[in-house]
Amino acid sequence: MCKKGQGFTGQGNEPEGKMSIEKESEMMKMWEKLGDSDNFFEAVYQAEPPWDIGRPQKEIVQLEQVGEIIGSVLDVGCGTGENALYLAAQKHEVWGIDFTPAAIQKAAEKASQRNLQVTFFVLNVLELHTLGRTFDTVIDSGLFHALSDEDRPIFVNNLAAVIHRGGTYFMLCFSELEPGSYGPRRITQAEIRASFRDGWHINYIRAATMEGRVRPDGAHAWLSSISKE
Ligand code: SAH
């Protein structure tokens with residue numbers, strides 16, 4: 001269900017040479033070891049995943065600072081919870097879900113260490129409708145680009161079930177402008193527009209960066225703001 005070959009690819013080649021040789025060979029070794037593991041994410045979370053930067057993504061911080069993130073928030077594919085915890089510290093009511101138990105365990109530990117209230121639990125985003133409630137805002141840092149083509153429409157339908165009418169989904173994903181093939185698949189603006197054609201209004205899709213441990217200056221990304229009609 002979460003094989004490397006679906007959402008993620010990667011030989012570690014970086015034509016722009018931005019990844020240090022040391023980091024690159026470290027990441028390649030890890031990827032090779034994982035192979036086509038059925039439990040790719042669980043295996044990666046046993047160490048420190050390349051996307052897990054130990055702080056919120058700066059694009060999420062900026063959205064909050066300019067007041068775009070409103071009310072209750074659901075973080076889909078929350079990983080170890082840095083974005084969710086940051087928004088909880090800004091006084092939002094926040095839930096974070098991820099299908100990888102190791103990630104949710106780390107997120108819950110951080111919440112208790114930092115004395116922050118976030119409802120974290122294990123759930124597949126293809127089953128979001130089972131939450132039985134809606135949110136004002138949904139954030140996604142690196143989840144959408146991990147979904148297979150078949151899972152995308154199922155996710156979008158599930159997303160519609162957990163967001164208020166007029167509520168907004170903010171999505172940060174790798175863009176096709178990111179060179180090389182290491183890491184998650186690249187997403188084009190056209191793919192995003194196609195996924196959210198019916199019942200959604202695309203407020204913007206803008207060039208952004210996605211920070212990571214391998215590429216500290218950030219990978220080319222799209223930041224999308226999409227509201228439910
Ligand atoms: N948002 C986090 C993690 C990004 S990595 C961050 O910014 O650090 C992508 C995350 O999505 C992983 O934690 C993975 O476990 C989760 N994920 C991938 N497919 C999923 C699915 N179908 N349901 C729930 N979580 C999923």
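One-based numbering, in listed order, for ligands and for the atoms of each. Since this is a predicted model, take the numbers as computed values, not measurements. Reckoned from all heavy atoms, side chains included, excluding hydrogens, waters and symmetry mates.
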For [X], is at least one N or O under 3.5 Å away from an N or O on ligand 1?
X      : result
Phe99  : yes
Val125 : yes
Asp52  : no

Can His220 and Ser175 be counted as having a side-chain donor-acceptor contact under 3.5 angstrom? no

Test item: side-chain donor near acceptor, Thr168 and Ser227, under 3.5 Å: yes

Taking atom 5 (S) of ligand 1 as the point of reference, which of Phe41, Trp51, Phe144 owns the nearest heavy atom? Trp51

I want to confirm something. Looking only at heavy atoms, which of Leu126, Asp98, Asn124 is nearest to atom 14 (C) of ligand 1? Asp98

Any heavy-atom pair between the side chains of Trp51 and Gln57 that's under 4.5 Å? no

Within ligand 1, which atoms have a heavy atom of [X] less than 4.0 Å away?
X      : value
Asn83  : 7 (O)
Leu123 : 23 (N), 24 (C)
Leu143 : 11 (O), 17 (N), 18 (C), 19 (N), 20 (C), 26 (C)

For ligand 1, is any non-hydrogen atom under 4.0 Å from [X]'s backbone (N, CA, C, O), its side chain (CB onward), both, or neither?
X      : result
Phe155 : neither
Asp75  : neither
Ser141 : both
Cys78  : backbone

Count the heavy atoms belonging to other residues, nucleotides or ligands that lie under 6.0 Å from CG of Asp149, then report whether that count exceeds 12. yes

Within a radius of less than 6.0 Å around CZ of Arg133, do more than 12 heavy atoms belonging to other residues, nucleotides or ligands occur? yes

Which residue in the set Ile60, Ile205, Thr209, Leu172 passes side-chain contact (heavy atoms from CB on, under 4.5 Å) when paired with Leu223? Leu172

If we check side-chain contact (heavy atoms from CB on, under 4.5 Å) with Asp75, which of these qualifies: Ile139, Leu143, Asp98? Ile139

Answer yes if Val94 and Leu63 sit in the same cluster of Ile, Leu, Val, Met, Phe, Trp and Tyr residues linked by side chain heavy atoms under 4.5 Å apart, and no otherwise. yes

